[in-house]
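Each ligand, and each atom within it, is numbered from 1 in the order the structure gives.
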Amino acid sequence: MAKILVTGGIGYIGSHTVVELQKVGFEVVIVDNLSNSNIDVLNGIEKITGIRPAFENIDCVDYLSMDRMFEKYNDIEAIIHFAASKAVGESVEKPLLYYRNNLVSLINLLQLMPIHKINNFVFSSSCTVYGQPDILPVTESAPIKPALSPYGNTKQIGEEIIRDTIYANPCYQSIILRYFNPIGAHSSAEIGELPNGVPNNLLPFVTQTAIGLRKHLQVFGSNYNTPDGSCIRDYIHVVDLAKAHVIAVQRILNHKTKSRVETFNLGTGRGLSVLEIIEIFEEVTGVKVPYRLVGRREGDIEKVWADPSYANNELGWIANETVEETLRSAWVWEQNLAQRAKAE
Ligand code: NAD
Ligand code: WQD
């Protein structure tokens, strides 16, 4: 079966996608510079699938090394491009780091594609491109709102760079996937989210608080215009998200795309508030999450959830996992991490 380059394949979403790709027989080459991940993830992937994917420790910003990598693996048929920096707050402090890492990586890949006769490109975008949508659930045709951070801007500009490049090169095709909020871990608990330092995202903070690493969770904002006053998001199991990438790659390789650039929302279609997430987490795990209601976090969107019907109908993909199962998987993963830390 076809060989797929997965940039950022040691990271959170990338590693789960590598597992799903290998499960259906794709051969995978991972390029990752380990800037936000740990090489041990390769062992986790191998334990789950029985296959150790090819791995190259390369920075996608380094054009010459990427060129050499494509020469070495000269039969790659498609690229899934996850590699990027993703911390919203850090992007405000270090904008050039984000523009350089996220955009130069992307440009390098798009530039190297025709040289190495690769036509197919799948891109990790984000619901962040919608800002606060006027209509919910949000569809792919909703207007793109001004980005609230340099990180968000890299996704908006990234999408535009892809569209311009694909339309200028008749052989190219691309699928842009806009993720909502990925959470959870593989059911084996061999791979999962590995946040660096104090987590920014809700779920790792919830699980770290539940296990006692953090004293309490801060719930940012309690007077939003939502039923319980806390923000609403569309939380999707990372394995459901990973499976959508396999379908996207199959679609693009089998020339089933309906336009040269297709864009899909990947979400569940269900919005849940921060307080609902805490409540369901406590119910399914039986563990209390001490929390405090605090002021709003700057730049937060009040509420957003996906209309995933285009992906459901066109890709034949649906987010199957329940939020209960998803939260349980995140908890099992956190417990596994704690055991590993003890053993070290
Ligand atoms: P992650 O940080 O866990 O994974 C990204 C991986 O890319 C890491 O392993 C990192 O070491 C690697 N990487 C970063 N820059 C690189 C470079 N220049 N060269 C080579 N490797 C590099 O992040 P993730 O959550 O798995 O996100 C994957 C993609 O999905 C990113 O593009 C992110 O912006 C996008 N995304 C993530 C979320 C989310 O909430 N996690 C939501 C929407 C979109
Ligand atoms: C979810 C909700 C917080 C932490 C970010 C990026 C977005 C995308 C996904 C990549 C919000 C609340 C959080 C905490 C809290 N990434 N919260 N206490 O902000 O929806 O999106 O990650 O593309 O671009 O902006 O995700 O997990 O940070 O927050 O109350 O300690 O949880 O206010 O309502 P967010 P998140």
Under-4.0 Å heavy-atom contact with ligand 1, by part of [X] that carries it:
X	answer
N101	side chain
H81	neither
N201	neither

Do any nitrogen or oxygen atoms of [X] come within less than 3.5 Å of a nitrogen or oxygen of ligand 1?
X	result
I13	yes
S85	no
Y179	no
F180	no

Nearest protein heavy atom with distance in Å, relative to [atom]:
atom	result
atom 19 (N) of ligand 1	C60 N, 2.9 Å
atom 25 (O) of ligand 1	K86 NZ, 2.8 Å
atom 13 (N) of ligand 1	N33 OD1, 3.4 Å
atom 12 (C) of ligand 1	D32 OD1, 3.2 Å
atom 8 (C) of ligand 2	S126 OG, 4.0 Å
atom 3 (O) of ligand 1	Y12 N, 2.9 Å
atom 25 (O) of ligand 2	V88 CG2, 3.3 Å
atom 33 (C) of ligand 1	Y151 OH, 3.5 Å
atom 2 (O) of ligand 1	N36 ND2, 2.7 Å
atom 12 (C) of ligand 2	V274 CG2, 3.8 Å
atom 31 (C) of ligand 1	F82 O, 3.1 Å
atom 17 (N) of ligand 2	F220 CD1, 3.7 Å
atom 19 (O) of ligand 2	R297 NH2, 2.9 Å

**Message:** Could you tell me if R296 sits above the aromatic ring of Y224, with its cationic atom closer than 6.0 Å to the ring centre and no more than 45 degrees from the axis?
**Reply:** yes
For [X], which part has a heavy atom under 4.0 Å from ligand 2: side chain, backbone, both, or neither?
X	answer
L202	both
L203	neither
N201	both
Q218	backbone
N200	backbone

Identify whether the distance between the nearest side-chain nitrogen and carboxylate oxygen of [X] and [Y] falls below 4.0 Å.
X	Y	value
E314	K258	yes
R68	E71	no
K288	E282	yes
E160	R163	no

Are [X] and [Y] close enough that a side-chain donor and a side-chain acceptor fall under 3.5 Å?
X	Y	answer
N201	Y12	no
E262	T257	no
D67	H116	yes
R270	Y235	no
D234	N181	no
Y99	T154	no
Y151	E90	no
E321	T326	no

Determine whether any heavy atom of [X] lies closer than 4.0 Å to an atom of ligand 2.
X	answer
R233	yes
Y235	yes
Y151	yes

**Option with minimal heavy-atom separation from atom 26 (O) of ligand 2, where the choices are V129, N181, T154** = N181
**Item:** Pick from S126, P182, G8, S125: the one approaching atom 41 (N) of ligand 1 most closely through a non-hydrogen atom
**Value:**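 It is P182 whose heavy atom sits nearest to atom 41 (N) of ligand 1.
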**N/O separation below 3.5 Å, C231 to ligand 2** = no
**Prompt:** So is D300 polar-close to ligand 2, meaning N/O to N/O under 3.5 Å?
**Reply:**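 Yes, at least one N or O pair falls under 3.5 Å.
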**Prompt:** What are the atoms of ligand 2, with element, lying closer than 4.0 Å to any heavy atom of V219?
**Reply:** 30 (O)
**Message:** Can you name the atoms of ligand 2, numbered from 1 with element, that are less than 4.0 Å from a heavy atom of T128?
**Reply:**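 Numbered from 1, ligand 2 contributes 24 (O).
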Going by the order shown, which atoms of ligand 1 are within less than 4.0 Å of some heavy atom of [X]?
X	result
I58	19 (N), 20 (C)
S124	29 (C), 30 (O), 32 (O), 35 (C)
S105	18 (N)
D59	17 (C), 18 (N), 19 (N)
S35	10 (C), 11 (O), 13 (N), 14 (C), 15 (N)
L34	11 (O)

Using 0.5 Å steps for rounding, measure from the [atom1] atom of [X] to the [atom2] atom of [Y].
X	Y	atom1	atom2	answer
I252	Y172	CD1	OH	12.0 Å
I176	K155	CD1	NZ	10.5 Å
K72	I58	NZ	CD1	8.0 Å
I162	R260	CD1	CZ	13.5 Å

**Prompt:** For ligand 1, is there an atom lying under 4.0 Å from some heavy atom of R178?
**Reply:** no
Main-chain N/O of [Y] paired with [X] side-chain donor or acceptor, under 3.5 Å:
X	Y	result
S174	F121	yes
N102	S85	yes
D307	S309	yes

**Prompt:** Side-chain contact, heavy-atom cut-off 4.5 Å: D32 with E56?
**Reply:** no
**Prompt:** Can the ring centres of Y179 and H245 be said to be less than 6.0 Å apart?
**Reply:**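 Between H245 and Y179, which both carry aromatic rings, the centre distance is below 6.0 Å.
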